[in-house]
Amino acid sequence: MKSLFRWIAILAGGLLVLSVAFSIIVMILVDPNDYKDEIAAAVTEQTGRTFSIEGDLSLKAFPCCGIRLGPLALGNPPGFPENEFASVEAAAVAVRIWPLLTRQELLVSDIELAGLDLRLISRANGTNNWDFSSTESTVAEQPEDSAGAAVELTNLDIAGIEISDGRVSYLDEATGDPIEISAINLTTGPIQLGQPFDLAASLQADGLSPGITATVSLATQANIDAESQLVDLVDLDSELNLRGADLPGGEAKLTFNLNALGGLGADRVSLEGLTATI
C-alpha cells in the first residue's frame with residue numbers, strides 16, 4: 001500500500017512538473033500579438049463590421065490558458081454612423097484546457113470586462129444597429145466542415161463574472177429621445193448549470209422619464225435552467241433612488257424585496273412575496 005501511494009505521489013508530481021514546464025514553454029514561444037491581425041480579420045469577416053484590437057495582448061498559461069486584451073472596438077453596420085457600435089477598455093478570460101479536451105467541459109476562470117460602451121440606434125424604418133441576422137444567415141449557408149464542427153459541451157463552469165464601469169446608450173431616431181444607462185457594475189459568484197449563484201448589480205439611468213435620474217442596485221441569487229433557457233431569481237433585494245426637480249423634495253427612494261421571481265425570458269413570469277416601500 002505504501003508503494004502504491006508512493007507511485008501516486010510520483011505521478012502527481014510528474015504531472016505538476018509537466019504542467020509548469022508546458023506553461024513556461026508557451027509563455028516563451030507563443031506571442032498572441034502575432035495573431036492580432038488574423039483575429040481582427042476573422043471577426044470582421046464574420047460580422048461584416050470593422051473590428052480593431054489596440055494595445056498588446058498578454059498570455060496567461062498557468063494554471064489555465066487565458067488571455068488579457070486591451071481596448072477593443074466593433075464598428076456599426078453600413079448606413080449607420082462611422083463611430084463604434086461597441087467598445088471595451090479591457091477584457092480578460094481564461095479556460096482550463098484539460099477538462100475541455102478530455103471531457104468536453106468548459107471550465108472558465110473569472111471573466112473580466114472593463115469599460116464596456118454600447119451604442120444602440122433604432123431608426124424609423126425599423127432597422128437598428130444591433131441586428132446581426134443577415135450575417136448569421138450568410139454564415140449558416142456556408143457548408144459545414146466536419147473537422148470544424150462545434151463541440152457539444154456537457155458542462156459549464158465559470159468561476160465568476162465581473163463587469164465594471166459599463167455604459168449603454170439608446171437613441172430612437174424616430175422620436176429623438178436618448179436614453180443612457182451608465183455606471184454599470186455587475187459581479188457574480190461561481191456559475192454552474194442548474195445551480196444558484198450570487199448576483200449583484202448597480203447602474204444609473206437617464207432619459208427613461210424626462211428630468212429624472214434613477215440609480216438602481218440589486219442583490220439576488222440567480223439560477224439558469226439549461227433546457228428551458230429561463231432564469232429564476234430568489235431572495236431579491238433592490239433599491240431605486242430617483243432624483244429630479246418634479247419629484248416632491250427633489251428625490252424619492254423605493255425598496256423592493258422578492259422571495260422569488262421565476263421564468264424570466266418567458267411570456268409570463270411568476271412573482272412571489274413582493275414587498276415594496278417608498
Side-chain angles (χ1 to χ4, degrees), residues 71-74 76 80-81 83-91 110-124 128-130 160-189 191 196-223 231-266 268-278:
L72 311 172
L74 180 66
N76 272 314
F80 283 84
N83 60 339
E84 290 88 1
F85 162 71
S87 61
V88 175
E89 292 181 2
D110 293 339
I111 298 174
E112 301 174 17
L113 198 62
L116 169 68
D117 191 353
L118 189 61
R119 304 175 181 92
L120 308 178
I121 301 174
S122 176
R123 291 191 162 165
N128 57 67
N129 68 340
W130 64 86
I161 298 175
E162 180 178 355
I163 299 175
S164 60
D165 197 23
R167 174 182 175 271
V168 177
S169 62
Y170 172 74
L171 175 62
D172 187 342
E173 291 187 344
T175 63
D177 296 330
I179 296 174
E180 180 172 318
I181 302 175
S182 58
I184 300 173
N185 296 284
L186 180 144
T187 58
T188 75
I191 300 175
F197 59 91
D198 293 331
L199 184 151
S202 62
L203 57 84
Q204 175 177 305
D206 293 278
L208 295 177
S209 182
I212 302 293
T213 295
T215 57
V216 183
S217 63
L218 66 87
T220 185
Q221 272 202 336
N223 188 7
V231 180
D232 297 328
L233 303 181
V234 180
D235 296 331
L236 186 149
D237 295 315
S238 180
E239 183 175 295
L240 171 64
N241 291 282
L242 304 175
R243 301 190 307 275
D246 294 338
L247 296 172
E251 61 181 359
K253 178 180 179 181
L254 299 88
T255 60
F256 300 89
N257 306 101
L258 278 172
N259 291 339
L261 181 61
L264 289 177
R268 301 181 64 182
V269 299
S270 62
L271 186 150
E272 300 178 9
L274 169 65
T275 303
T277 61
I278 180 170

Problem set entry | Within-4.5 Å side-chain heavy-atom neighbours: Asp172 and Asp177 | no
Exercise. So how far is it from Leu264 CG to Asn223 CG, rounded to the nearest 0.5 Å?
Worked result: 11.5 Å
For this session: For residues Leu240 and Ala214, report the shortest heavy-atom separation together with the two atoms involved.
Result: CD1-CB, 3.9 Å
Exercise. Can you tell me how far CG of Asn129 sits from CD of Glu84, rounded to the nearest 0.5 angstrom?
Worked result: 12.0 Å
For this session: Check Leu113 against Ala91 and note the closest heavy-atom contact, atom names and distance.
Result: CD1-CB, 3.9 Å
For this session: Not counting sequence neighbours, which residues clear side-chain contact (heavy atoms from CB on, under 4.5 Å) with Asp165? List them please.
Result: none
Seminar exercise, completed: Shortest non-hydrogen pair, Ser164 vs Asn185, comes out as CA-OD1, 3.3 Å
Exercise. CG/Asn257 to OG1/Thr255 distance, rounded to the nearest 0.5 angstrom?
Worked result: 5.5 Å
For this session: Let me see the working for Val216 and Leu203 under side chain to side chain contact (heavy atoms under 4.5 Å, CB included), right down to the final yes or no.
Result: CA-CA 5 Å; Val216 183; Leu203 57 84; 4.2 Å; yes
For this session: Find the distance between CD1 (Ile184) and CG (Asp117) and round it off to the nearest 0.5 Å.
Result: 9.5 Å
For this session: Please name all residues satisfying side-chain contact (heavy atoms from CB on, under 4.5 Å) with Thr220, sequence neighbours left out, ordered by chain then number.
Result: Leu199, Leu218, Leu233, Leu236
Exercise. What is the minimum heavy-atom distance between Ile121 and Trp130, and which atoms define it?
Worked result: O-CZ3, 3.5 Å
For this session: First locate atom CG of Leu120, then atom CD1 of Ile181, and finally report the distance between them rounded to the nearest 0.5 Å.
Result: 9.0 Å
Problem set entry | Nearest heavy-atom neighbours spanning Ala276 and Phe256 | CB-CD2, 3.8 Å
For this session: Let me see the working for Arg119 and Asn76 under side chain to side chain contact (heavy atoms under 4.5 Å, CB included), right down to the final yes or no.
Result: CA-CA 9 Å; Arg119 304 175 181 92; Asn76 272 314; over 6 Å; no
Exercise. Where the side chain of Thr188 meets the backbone of Ile161, is there a donor-acceptor pair that is under 3.5 Å apart?
Worked result: yes
Exercise. If you measure only the distance, is there a donor-acceptor pair under 3.5 Å linking the side chains of Thr213 and Asp206?
Worked result: yes
For this session: Considering non-hydrogen atoms only, spot the tightest contact between Ala252 and Leu247 and give its length.
Result: N-CD1, 4.1 Å
Exercise. Distance from Leu254 atom CG to Ser238 atom OG, nearest 0.5 Å?
Worked result: 9.5 Å
